[in-house]
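It should be emphasised that the depicted structure is a prediction, and the values quoted were computed from it without experimental measurement. Side-chain atoms are counted along with the backbone in the values below, which use heavy atoms only and exclude waters and symmetry mates. Atoms within a ligand are numbered from 1 in the order they appear, just like the ligands themselves.
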Amino acid sequence: MRILVQKFGGTSLSTSEARQFVLRHIRRERQRQYKLVVVVSAMGRSGDPYATDTLLSLIPGTGDSLPSRERDLLLGCGEIISAVMLCGLLQAASIPAVALTGGEAGIMTDNQFGRARILEIRTETVLRHLHEDKVVIVTGFQGKTESGQLTTLGRGGSDTSATALGAALHAEQVDIYTDVNGILTADPRIVADARPLSVVGYAEICNMARLGAKVIHPRAVEIAQQAKIPLRVRSTFSEDEGTLVTDAIDAVHAAAVRDRHVTGVAHVNGITQITVHAQEGHTDVQLQVFQAMARHHISVDFINVTPGGAVYTVFDHDASEAVSVLQRIGYTPIAVNGCAKISVIGGGMNGVPGIMARIVEALTEQSIPILQSADSNTTIWVLVKESYMADALRALHAKFALHER
Ligand code: ADP
Ligand code: ASP
Ligand code: MG
């Protein structure tokens, strides 16, 4: 049996016109003799009637006042509505279909409500329906615990449902359909001339996703990589091929991949930079600071340690707690909030001279102050004020000519 998993994101299902495109992709792949598992997200985006954020807004404090189990029950509704709606559409088009919740599709998770991990997928039910030649529609973003409670996998988790099902079912490929033409060199909402990448490796995309490129969930990419399943990210609204994510890169594509020092740029907003100076005579500032952050479960990033102190970042929502923890142990931290972490991501920038120089050049030309920087063999990060984020991304995108090729 040749199995294909197709995942349709929220905007792909939000209007009846959009759903006609979805129907077209399903028909085309059935004609190619694939057995289809179709994973769906909740319809639309914040403000649309059944979108995940809209469901959360039904509860005071956007769902925070609910116990986590009940919050997951509410969150799960969006995908259920979507799956049933698509099932009706397929039946009306004489395409046999069944809609299953994550739990009914055998997606078994631990009991960490709101960020559950998939433990196992019991594929019998899905396989039985596929053998009966039905399109099996599965609600994304959810599973169930051994005791039958509905869990959700964390925001953006429908991508993870899709690749996990693909891995468990030994699918030939997982196609992620969304509202853009693949994985682009930058978020097209910010950089207008961002260009789709035709083929990329899993590690690069996983890195890009972790660093803020929201087009695909990093966990979904990890699962596809482990299972060695090719992943295609493409637009629902066209027949373009989008981006193929694979490590089996053929000779034609290999040249393009080798040639590329910088693959793309991404950003994360909502970051606070904290600077702590050592008090006179104190030599254990770093130890004290980072032990205190760990004790309070505050996640830290962008760490620079010097003999005179430490500079690091936390999320804005943790900043006031971080500052008061430091004050309680006798420090006078300086906190700069509203920063953005900009990442220049590459596959092959290791040992390539001049990349940092070009980054500094691009930002200096726009008079954008760099608050901090760090690098690894695949990425260079710079911290800037959020108000400069968009200009910084555009300047870096232009400096590395990412709109070309
Ligand atoms: P879906 O509902 O289909 O899962 P998402 O909103 O999760 O859609 O992801 C698609 C969005 O990701 C795009 O509309 C785009 O604005 C954003 N995005 C951010 N970075 C990138 C990138 N590098 N390439 C493509 N899209 C990106
Ligand atoms: N609907 C969920 C969310 O908005 C899951 C997803 O879209 O992947 O986070
Ligand atoms: Mg998404």
At what distance is the nearest protein heavy atom to atom 13 (C) of ligand 1, and which residue and atom is it? D179 OD1, 3.5 Å

Establish, yes or no, whether a centroid distance under 6.0 Å links the rings of F290 and Y312. yes

Heavy-atom contact check, 4.0 Å cutoff: does G157 meet ligand 2? yes

Determine yes or no for a side-chain-to-main-chain donor-acceptor pair under 3.5 angstrom, with Q225 supplying the side chain and Y202 the backbone. no

Going from CZ on R28 to CG on L36, what distance comes out if it is rounded to the nearest 0.5 angstrom? 10.0 Å

Compute the shortest N/O to N/O distance between T52 and ligand 2 and return yes if it is under 3.5 Å, no if not. yes

Below 4.5 Å, heavy atoms only, C-beta onward: do P369 and Y388 meet side chain to side chain? yes

So, does S161 use its side chain to make a donor-acceptor pair with the main chain of G140 at under 3.5 Å? no

Shortest protein contact, atom 8 (O) of ligand 1 (heavy atom only): T178 OG1, 3.3 Å

Please verify whether a non-hydrogen atom of G156 lies at under 4.0 Å from ligand 2. yes

Tell me: protein heavy atom nearest atom 27 (C) of ligand 1, and distance? V215 CB, 3.6 Å

Hey, looking at atom 25 (C) of ligand 1, which of A213, G264, G182 has the closest heavy atom? G182

Are the side chains of E321 and H297 in touch, meaning some heavy atoms are under 4.5 Å apart? no

Using distance alone, determine whether G212 and ligand 1 share an N or O pair under 3.5 Å. no

Which segment of A266 sits under 4.0 Å of ligand 1 when only heavy atoms are counted: neither

Any R155 side-chain heavy atom under 4.5 Å of T52 side chain: yes

Between the candidates R195, R155, H267, R45, which shows the shortest non-hydrogen contact distance to atom 6 (O) of ligand 1? R45

Going by side chain to side chain contact (heavy atoms under 4.5 Å, CB included), Y177 matches just one of R232, Q6, K7. Which one? Q6

Nearest to atom 7 (O) of ligand 1, what protein heavy atom do you find, and at what distance? K214 O, 3.6 Å

Element-labelled atoms of ligand 2 that are located less than 4.0 Å from some non-hydrogen atom of S41: 6 (C), 7 (O), 8 (O)

Looking at L169, L165, I229, which hits side chain to side chain contact (heavy atoms under 4.5 Å, CB included) with V174? I229

Protein heavy-atom partner closest to atom 4 (O) of ligand 1 - residue, atom, separation in Å: K7 NZ, 3.1 Å

Is R122 salt-bridged to E146, cutoff N-O under 4.0 Å? yes

Those atoms of ligand 2 less than 4.0 Å from some heavy atom in R155: 3 (C), 4 (O), 9 (O)

For R189, the ligand 1 atoms whose distance to one of its heavy atoms is below 4.0 Å: 11 (C), 14 (O), 15 (C), 16 (O), 17 (C)

Can you find a side-chain donor-acceptor pair between H397 and T185 that sits under 3.5 Å? yes

Atom 21 (C) of ligand 1 has as its nearest protein heavy atom D187 CA, 3.7 Å

Going by heavy atoms, is E79 under 4.0 Å from ligand 2? yes

of all protein heavy atoms, closest to atom 6 (C) of ligand 2 is S158 OG, 3.4 Å

For atom 24 (N) of ligand 1, grab the closest protein heavy atom and report residue, atom and distance to one decimal in Å. L184 N, 2.9 Å

Protein contact of atom 2 (O) of ligand 1 - nearest heavy atom, named by residue and atom, plus distance: G10 N, 3.1 Å

I'd like to know if the side chain of Q273 pairs up with that of Q372 as donor and acceptor (distance under 3.5 Å, no hydrogens or angles considered). yes

For N181 and S235, which I'm curious about, is there any donor-acceptor pair between the side chains at under 3.5 Å? no

What are the atoms of ligand 1, with element, lying closer than 4.0 Å to any heavy atom of M208? 23 (N)

